[in-house]
Amino acid sequence: MRVDRALRVVLAEDSVLLRDGLIALLDRCGHRVVAAVGDARGLLAAVEEHGPDVVVTDVRMPPGFQDEGLHAAVRLRERRPTLPVLVLSQYVQRAYAAELLDSGDGTGVGYLLKDRVGQVEEFVDALSEVADGGTVVDPEVVRQLLRRRRDPLERLTPREREVLALMAEGRSNGAIARRLVVSDAAVGKHIGNILTKLDLPPADETHRRVLAVLAYLRS
């Protein structure tokens, strides 16, 4: 579990029980929730007042319980492009999810599904990753957004499409090779072609797959 530094967090969650639980969890992990709110308007005001290191927000909040939290997150990133934002929700809200992931310079952003965050360490590590400028996206979020946009795949061969789809599921090179019954070297070559065809900027190995999928979503 990463606790490289204590973070000042603004938390937006309409469920009082979950909100209190997250406050206790973050406090136990050495972070400090400087404001905890239950609606999007409160989120915008809290960020303006406290200037946090990172924002954690749900998607559906009062008054409409539609996409208020996610819409507020997009607005925050428009105002503060470098503000790290981690969305933690039960839902994939397509209308604004891709816009959030494409906001700012594409760094310091995450979207996790609550029922797929299996361990406390996973959530805390994701929070630290986003606060440090990384990108963390639940594979299910990626899959739903991938189904929405097909045009960029015209630049890829059928095999490269298969590799990209498996990358979106979070599979390693070895796992992709076994699934497609090809060599690890062949998978590496396909990934190199994908990165080139999607015009990705240079990136370290840790974020190559995330950057590849997000570049596809943005095109």
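We use all heavy atoms of the structure for the numbers below, so side chains are in, but hydrogens, waters and symmetry mates are not.
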Q: Step by step, work out the side chain to side chain contact (heavy atoms under 4.5 Å, CB included) result for E48 and R80.
A: CA-CA 10 Å; E48 185 67 27; R80 303 167 180 247; 3.6 Å; yes

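- Nearest heavy atom pair, residue V47 against residue P52, reads O-CD, 3.8 Å.
- The distance from atom CG of L166 to atom CZ of R178, rounded to the nearest 0.5 Å, is 11.5 Å.
- A side-chain donor-acceptor contact under 3.5 Å links R8 to the backbone of H50.
- No donor-acceptor pair closer than 3.5 Å links the side chain of D67 to the backbone N or O of L70.
- A donor-acceptor pair is defined here as one N or O able to donate and one able to accept, closer than 3.5 Å; such a pair exists between the side chain of R77 and the backbone of L83.
- Residues D14 and D39 are not in side-chain contact: their nearest non-hydrogen atoms beyond the backbone lie 4.5 Å or more apart.
- Here the CZ-CD distance, from R75 to E99, works out to 12.0 Å after rounding to the nearest 0.5 Å.
- In R41, the CZ atom is not crowded: 12 or fewer heavy atoms of neighbouring residues, nucleotides or ligands sit closer than 6.0 Å.
- Of the possible donor and acceptor atoms, none in the side chain of D132 sits under 3.5 Å from a partner among the backbone N and O of G134.
- Taking both residues in full, the closest heavy atoms of A131 and V54 are given as CB-CB, 4.2 Å, listed atom of the first, atom of the second, then distance.
- In this structure, CD in Q66 is found 6.0 Å from CZ in R60, a value given to the nearest 0.5 Å.
- Contact annotation: the side chain of D53 never approaches that of H31 to less than 4.5 Å [non-hydrogen atoms, C-beta and beyond].
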**Q.** Stepwise side chain to side chain contact (heavy atoms under 4.5 Å, CB included) check, K114 with D58
**A.** CA-CA 9 Å; K114 292 176 181 177; D58 193 4; 3.3 Å; yes

Q: Walk me through it: do S103 and L100 pass the test side chain to side chain contact (heavy atoms under 4.5 Å, CB included)?
A: CA-CA 5 Å; S103 62; L100 174 68; 4.1 Å; yes

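- Between H71 atom NE2 and T57 atom OG1 the span is 12.5 Å, to the nearest 0.5 Å.
- Partner of V163 under the side chain to side chain contact (heavy atoms under 4.5 Å, CB included) criterion, chosen from T157, V182, I191, L156: I191.
- Atoms CG and OG1, from L86 and T135 in turn, are 11.5 Å apart once rounded to the nearest 0.5 Å.
- Between the side chain of R19 and the backbone N or O of E13 there is at least one donor-acceptor pair closer than 3.5 Å.
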Q: List the steps, then state whether side chain to side chain contact (heavy atoms under 4.5 Å, CB included) holds for L180 with H190.
A: CA-CA 12 Å; L180 299 179; H190 288 314; 5.7 Å; no

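- Legend: residues meeting salt bridge (charged side-chain N to carboxylate O under 4.0 Å, His left out) with R159, ordered by chain and number and at least two apart, are E162.
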